[in-house]
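The block underneath contains the structure these notes are about, expressed in structure tokens.
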Amino acid sequence: MKSLTYTNGDNMPAFGLGTWKSAPGEVKNAVIEAVKLGYRHIDCAAIYENENEVGEGLQQCIEDGIVTREDLWVTSKLWNNAHKKEDARPAIEKTLSDLRLDYIDLYLIHWPVAFRSDVIFPENTAGYLSPDEVTPEETWSAMQALQKEGLTKHIGVSNFSIKKLQRLINLGGQNPEMNQVELHPYLQQQGLVDFCHAHEIHVTAYSPLGSMDRPDNMKKDGEPIPLENEVIKRMAAVHGASPAQILIIWALERGTSVIPKSTNPKRLKENFEAQKIVLSEHEMAQIAALDEHKRIIDGSFFTAPKKGYTKETLWDE
Ligand code: A2P
């Protein structure tokens with residue numbers, strides 16, 4: 001299994017299980033099934049509203065002796081309503097309690113967007129905090145404090161542009177160790193991936209299969225579907241593989257971590273087995289040519305211009 005090595009020598013399995021959209025009632029079994037299949041990296045977040053059930057699954061795997069805590073890599077994320085210094089610690093404590101863990105392996109700032117602490121999803125501008133009301137520096141300093149306390153081994157960010165990463169790097173303290181972003185053949189973000197790697201920031205690909213199970217209000221007509229791309233389908237046929245497996249191995253071969261979500265035992269196995277496939281340089285180049293810089297998760301649900309949040313300020317492009 002490929003792994004990504006952190007500067008302190010810790011290894012994160014590059015292949016992991018995504019849990020966004022995994023329904024309570026399904027995700028506990030998915031976690032247990034995945035761990036039995038050999039998955040060792042589970043990607044979580046407080047806002048997925050299923051960490052309690054993921055935690056039940058993890059606890060059962062450990063109690064049944066399938067794995068030890070140390071065998072697992074668990075990532076979670078600080079929600080947008082806990083960016084203030086005093087809110088970050090209670091947020092990670094809730095996640096630790098839900099996941100039934102003493103520490104998280106990797107804790108990420110979920111989005112570079114802040115909400116008031118009593119708001120989960122703002123209905124209007126008043127629910128947001130502008131980047132002046134709670135600065136990225138304040139949140140990053142709170143993340144570093146959580147790391148120093150041992151509540152999380154590693155810290156990073158998600159959905160950050162080069163400009164926003166550079167602002168944290170300029171502080172001269174602990175750099176983000178991870179940037180988790182949307183990546184698939186239609187949104188390859190090679191410049192961002194290269195920037196991260198040049199600064200010892202690992203990259204995780206979310207929505208690697210195109211997240212077709214995302215809520216309808218996040219869908220637009222005519223969006224390209226990576227699993228249905230003809231080049232990917234032909235390549236899959238050549239390898240006796242599925243399109244999903246090609247998308248997964250492509251992400252791993254370009255040096256990123258990848259967290260395909262499934263709650264279906266057959267697809268969990270299929271996705272895990274993608275790690276055995278080898279793509280040629282020619283095939284990697286064929287996939288590289290598919291880039292359209294098209295986002296599935298375009299962040300338009302976080303629009304509050306009066307608080308400084310637009311699609312342009314979010315992605316800095
Ligand atoms: P399911 O959970 O029923 O398996 P993403 O990881 O990009 O968010 O995509 C998740 C979506 O892809 C879910 O709808 C999931 O459905 C589906 N999926 C997961 N694995 C596969 C696979 N091997 N083939 C086709 N669809 C898959």
Side-chain angles (χ1 to χ4, degrees), residues 13-39 41-45 47-51 53-54 57 75-77 108 110-111 158-159 180-189 203-220 223-237 239-252 254 256-277 279 287 290-292 294-299 301:
F15 176 84
L17 175 68
T19 62
W20 175 42
K21 312 174 257 73
S22 294
E26 290 180 359
V27 71
K28 176 181 173 185
N29 282 341
V31 167
I32 295 169
E33 187 66 28
V35 172
K36 282 186 183 160
L37 285 164
Y39 285 64
H41 165 181
I42 316 287
D43 183 83
C44 312
I47 196 61
Y48 302 162
E49 295 183 333
N50 57 11
E51 284 193 327
E53 211 179 301
V54 171
T75 298
S76 184
K77 310 184 193 87
L108 308 177
H110 205 149
W111 285 90
S158 182
N159 296 300
Q180 183 178 126
V181 294
E182 178 185 336
L183 291 176
H184 45 71
Y186 290 125
L187 182 71
Q188 303 194 14
Q189 308 206 71
V203 179
T204 296
Y206 78 64
S207 296
L209 308 180
S211 289
M212 287 307 289
D213 55 344
R214 67 192 183 278
D216 285 344
N217 63 2
M218 287 191 187
K219 288 186 178 162
K220 284 193 234 79
E223 281 178 313
I225 300 173
L227 283 169
E228 292 179 5
N229 177 274
E230 289 304 324
V231 172
I232 301 289
K233 282 186 355 196
R234 272 200 302 277
M235 217 174 274
H239 285 270
S242 70
Q245 289 179 314
I246 299 297
L247 296 174
I248 291 166
I249 194 62
W250 171 77
L252 292 171
R254 73 194 291 241
T256 65
S257 174
V258 65
I259 48 169
K261 171 265 174 185
S262 183
T263 48
N264 173 293
K266 186 178 149 285
R267 289 191 283 276
L268 284 168
K269 183 163 189 285
E270 178 182 318
N271 296 347
F272 188 76
E273 288 177 350
Q275 296 177 88
K276 293 185 198 150
I277 301 167
L279 295 181
I287 301 179
L290 301 178
D291 195 16
E292 295 185 8
K294 280 222 171 104
R295 294 180 190 279
I296 292 169
I297 311 299
D298 71 359
F301 39 85

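What's counted below: heavy atoms across the whole structure, side chains too, no hydrogens, waters or symmetry copies. We count ligands from 1, going down the list as the structure has it; atoms in each ligand are counted the same way.
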Let me see the working for Tyr39 and Asn271 under side chain to side chain donor-acceptor pair (under 3.5 Å), right down to the final yes or no.
-> CA-CA 10 Å; Tyr39 285 64; Asn271 296 347; 4.7 Å; no

Under 3.5 Å, which donor-acceptor pairs do the side chains of residues 208-216 form with other protein atoms, sequence neighbours left out?
{"from": "Ser211", "atom 1": "OG", "to": "Ser207", "atom 2": "OG", "distance (Å)": "2.7"}
{"from": "Asp213", "atom 1": "OD1", "to": "Lys21", "atom 2": "NZ", "distance (Å)": "2.8"}
{"from": "Asp213", "atom 1": "OD2", "to": "Lys21", "atom 2": "NZ", "distance (Å)": "3.3"}
{"from": "Asp213", "atom 1": "OD2", "to": "Lys261", "atom 2": "NZ", "distance (Å)": "3.0"}
{"from": "Arg214", "atom 1": "NE", "to": "Met218", "atom 2": "O", "distance (Å)": "3.1"}
{"from": "Arg214", "atom 1": "NH1", "to": "Gly210", "atom 2": "O", "distance (Å)": "3.1"}
{"from": "Arg214", "atom 1": "NH1", "to": "Ser211", "atom 2": "O", "distance (Å)": "3.0"}
{"from": "Arg214", "atom 1": "NH2", "to": "Glu223", "atom 2": "OE1", "distance (Å)": "2.5"}

Please round to the nearest 0.5 Å and tell me the distance separating atom CG of Leu247 and atom CG of Leu183.
->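 One finds 12.0 Å between CG of Leu247 and CG of Leu183.
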
Distance (rounded to the nearest 0.5 Å) between Gln275 CD and Ile249 CD1 =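 Separation between the atoms: 7.0 Å.
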
Identify the heavy atoms of Thr19 and Val54 that sit nearest to each other, and give their distance.
->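 Taking Thr19 first and Val54 second, the nearest heavy atoms are CG2-CG2, 4.3 Å.
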
Pick out which of Arg234, Lys233, Met235 makes a side chain to side chain contact (heavy atoms under 4.5 Å, CB included) with Pro243.
->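 So, applying the side chain to side chain contact (heavy atoms under 4.5 Å, CB included) to Pro243 and each of Arg234, Lys233, Met235, only Lys233 qualifies.
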
Using a 4.0 angstrom limit on heavy atoms, which residues are close to ligand 1?
->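 Around ligand 1, where the cutoff is 4.0 Å for heavy atoms, the contacting residues are Lys21, Ser207, Pro208, Leu209, Gly210, Ser211, Asp213, Leu227, Ala244, Pro260, Lys261, Ser262, Thr263, Asn264, Arg267, Glu270, Asn271.
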
